[in-house]
Amino acid sequence: MYELIDHTENINRLLARYGVKFGIYKNSQFHEQLFPFDPLPRVIEAEEFEFLNRGLSQRVQALNLFLADIYSEKKIIKEGVIPADFVYSSKGYLPQCQGIVPPGKIYSHISGIDLVQGKDENWYILEDNLRIPSGASYPMIARELTRQAAPSTFSRTRIIDNRNYAAMLKETMDYVNTGGINVVLTPGRYNAAFFEHSYLAERSGAILSMPQDLFVEDNKLYYRQYGGSRLQVGAVYRRLSDEYLDPLCFLPESLIGVPGIMDVYRNGNVALVNAPGNGVADDKGIYYFVPHMIKYYLGEEAILHNAPTYLAFYEEDRKFILEHLNRLVVKDVSEAGGYGVIFGSDLTREKLEDLAEVIKAEPRRSLISSI
Amino acid sequence: MRRLKFHYQMELTFDRPVKEHHFVFRCLPMEDRQQNCYGLTCQIRPSGRLFVLTDGFGNRTCVGEAMEFHDSLQVEASGTVFVDRSRETAEAEDAHPLFRFASAYTVPDEGLCRYLEEADRGWNREVGGDYLMYLMNRLYEDFSYAPGTTDVTTTAAQALAGGQGVCQDYAHIFLAFCRLKGYPARYVAGMMEGEGATHAWVEVYTDGVWTGFDPTNNRLADDGYIKLSHGRDFGDCTVDKGCFKGFASQRQNIYVKVEE
């Protein structure tokens with residue numbers, strides 16, 4: 001492991017050379033930065049890893065069943081397990097997706113579930129990201145480079161290999177593919193995770209395509225090749241958010257979408273990875289109910305627990321929140337990726353009072369956790 | 001019950017040719033317990049395949065594309081519909097909870113809330129009658145029908161502030177009122193007996209049934225109305241939607257005829 005520390009600089013240089021970058025939008029300006037490499041790994045022991053594996057699989061399975069239910073019969077609402085308001089006022093709920101059965105009945109193929117280990121050594125779920133989570137490519141390339149820099153670390157230590165991620169991604173796409181090629185759809189160079197899009201496409205053997213490379217004809221999706229010929233597309237790992245995906249179905253002003261793609265998808269003629277409409281399940285307000293979902297759909301207790309969380313929607317919780325606001329973390333339920341998070345301890349008394357007013361006025365909007 | 005024949009015709013003309021034109025038409029009536037459709041046809045020129053699908057709200061959509069250069073696009077739809085608004089809808093469909101919430105076009109502003117409060121003060125419980133009928137009548141009296149004053153992006157709040165608009169605006173304002181009052185309400189795009197263009201009205205869910213309110217004409221929707229689609233607002237029910245590649249301005253002509 002010491003070799004790794006010695007090689008930190010080399011590895012960072014290689015990462016820069018490969019363009020391993022991540023972009024952040026701040027004040028509507030795009031800043032791109034290198035992904036910093038930390039040579040000291042967080043070691044998770046095999047037994048614990050297996051435990052996390054079981055817990056996460058259980059959670060993703062329940063979330064998939066929830067999505068299938070919400071976009072069809074909505075039993076979980078009818079039986080009063082989750083209040084209807086939380087589902088229908090969620091920005092992530094897309095009525096356009098009602099009645100669509102995705103190929104393979106899978107909604108969340110790639111789930112980015114954030115875990116945190118508390119001071120009590122227990123693991124907690126921080127949030128679920130089921131729309132277009134980023135991140136898989138960074139440990140992949142970092143592992144590749146660290147193997148080159150310090151091969152002995154890997155021969156002496158028994159480490160679970162992550163180099164099969166691309167093969168698993170390909171397997172996932174092939175499984176839901178309705179006939180045709182696999183593509184990774186990127187909004188383009190100025191997307192925060194463009195490096196990841198290109199890297200995953202290359203590694204999984206899918207074609208990296210820009211929106212203008214795809215078009216719909218006769219209720220099928222095609223990829224435009226050089227020279228004018230075309231290839232049918234059977235699965236799209238799309239890294240474009242729902243609202244921009246199809247100007248005929250969602251935001252009409254979207255210039256980066258593929259017109260008609262939703263109707264092809266609705267007819268079962270292409271698979272979209274992940275399914276549009278998943279935002280309702282990774283909504284931070286719905287997060288509160290995931291343990292109830294696991295119980296409802298699987299008849300099991302949640303293996304991994306949520307971080308202690310309070311919903312301002314419930315009066316009892318609201319009271320607690322307003323009393324302890326300076327020690328809590330407040331999240332806007334419809335934001336993701338670290339946006340819309342406020343730490344009560346950072347605020348002045350005045351700001352705290354303002355925040356309390358917002359919570360009182362829009363109790364549905366805030367989720368409060370103690371970590 | 002009535003048997004109505006309808007004919008819908010739309011022509012888009014471009015001043016310069018366009019290509020890769022993708023479109024979605026919601027110009028075929030929907031099927032539910034109050035409407036049975038026969039002999040529905042929908043054709044386009046330049047000719048191409050149209051796919052008839054059902055969207056998330058249960059509306060029929062005709063989707064297709066014209067990939068080659070063209071300077072006009074015509075759509076013609078026709079068919080026969082048996083309409084019976086006396087039949088109950090409740091058994092077949094519960095009020096979707098979504099219709100209780102404000103949607104993009106119906107988010108109320110201060111002015112709209114104030115208008116509703118004032119209207120409420122004028123509502124005399126003792127005189128009786130139906131509150132929603134009263135509300136519709138009031139809107140009908142205060143708002144004037146004036147084509148060209150609003151456009152497809154005008155929201156309920158904007159239209160009410162301007163005091164004039166078309167059927168779409170009447171519908172959005174009435175939707176905003178109903179939802180503020182806690183009634184699930186949905187936007188309806190459709191056609192009315194006679195000749196002209198497409199129409200829009202509102203369905204409100206009360207006592208287990210959906211009732212059609214037509215605030216533009218200050219009356220309830222009856223068997224002379226054909227429903228094309230319903231949704232949260234205009235955005236879900238747009239009759240013609242499309243996008244194309246090309247640098248051209250377009251003109252649209254619509255002709256609708258509904259007769260016995």
Side-chain angles (χ1 to χ4, degrees), chain A residues 70-74 77-78 80 82-91 93-101 211-212 214-222 224 228 230 243 246-269 276-277 280 364, chain B residues 18-26 47-68 93-105 107 151-153 179 182 184 186-187 229-245:
Chain A
I70 285 303
Y71 289 114
S72 59
E73 291 176 80
K74 304 173 174 58
I77 299 175
K78 287 179 190 152
I82 297 180
D85 286 37
F86 273 84
V87 174
Y88 297 115
S89 61
S90 161
K91 272 197 226 161
Y93 173 75
L94 301 178
Q96 291 92 335
C97 298
Q98 171 67 28
I100 298 179
V101 181
Q212 65 269 26
L214 300 179
F215 68 96
V216 170
E217 199 171 331
D218 287 338
N219 212 246
K220 290 189 181 87
L221 184 69
Y222 293 98
R224 217 186 298 262
R230 60 189 202 179
E243 58 269 40
D246 183 348
L248 291 181
C249 185
F250 303 114
L251 286 180
E253 60 270 28
S254 171
L255 294 175
I256 52 172
V258 182
I261 193 173
M262 280 300 287
D263 287 314
V264 180
Y265 171 61
R266 177 174 279 281
N267 243 10
N269 290 342
V280 65
R364 162 71 183 82
Chain B
V18 301
K19 63 170 184 170
E20 291 176 44
H21 188 169
H22 296 267
F23 37 77
V24 180
F25 301 120
R26 287 180 171 78
S47 61
R49 270 177 86 180
L50 273 181
F51 290 81
V52 180
L53 308 172
T54 307
D55 73 9
F57 293 99
N59 306 318
R60 279 199 173 98
T61 61
C62 304
V63 303
E65 61 279 316
M67 298 302 275
E68 306 299 326
E93 39 171 351
D94 286 334
H96 199 298
L98 195 61
F99 296 131
R100 292 201 329 258
F101 301 100
S103 56
Y105 282 93
V107 177
D151 62 27
V152 290
T153 63
R179 290 172 182 169
R186 63 193 182 195
Y187 183 96
S229 58
H230 64 231
R232 290 165 297 181
D233 53 36
F234 171 75
D236 292 330
C237 304
T238 317
V239 182
D240 314 306
K241 212 175 188 182
C243 53
F244 55 79
K245 282 188 186 160

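When reading the values below, keep in mind they use all heavy atoms of this one structure, side chains included, and skip hydrogens, waters and symmetry mates.
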If you take all heavy atoms of B:Gly242 and A:Leu248, which pair is closest and at what distance?
CA-CD2, 3.6 Å
Between B:Arg100 and A:Asp85 (salt bridge meaning N to carboxylate O under 4.0 Å), is one present in this structure?
yes
Return yes if some donor-acceptor pair links the side-chain N/O of A:Gln98 with the main-chain N/O of B:Phe57 below 3.5 Å, else return no.
no
d(B:Cys243 SG, A:Asp246 CG) to nearest 0.5 Å is 7.5 Å
Taking B:Arg49 for the side chain and A:Asn219 for the main chain, is one N or O donor matched with an acceptor at less than 3.5 Å?
no
Euclidean distance, A:Met262 CE relative to B:Thr61 OG1, rounded to 0.5 Å:
11.5 Å
Hey, is CD on B:Glu68 packed in by over 12 heavy atoms from elsewhere, all under 6.0 Å?
no
Which heavy-atom pair separates A:Arg266 from B:Gly56 by the least distance, and what is that distance?
NH2-N, 3.2 Å
Cut-off 4.5 Å, heavy atoms of chain B, and the answer for A:Tyr93 is side chain
If you round to the nearest 0.5 Å, how far is CG of A:Asp263 from CZ of B:Phe51?
10.5 Å
Identify whether the distance between the nearest side-chain nitrogen and carboxylate oxygen of B:Glu20 and A:Arg224 falls below 4.0 Å.
yes
So how far is it from B:Asp236 CG to A:Cys249 SG, rounded to the nearest 0.5 Å?
9.0 Å
Okay, B:Thr54 and chain A: the region with an atom under 4.5 Å from a heavy atom over there is backbone
So A:Phe215 and B:Glu65, do their side chains get closer than 4.5 Å, heavy atoms only?
no
Is there side-chain contact between A:Val216 and B:His22, with heavy atoms separated by less than 4.5 Å?
yes
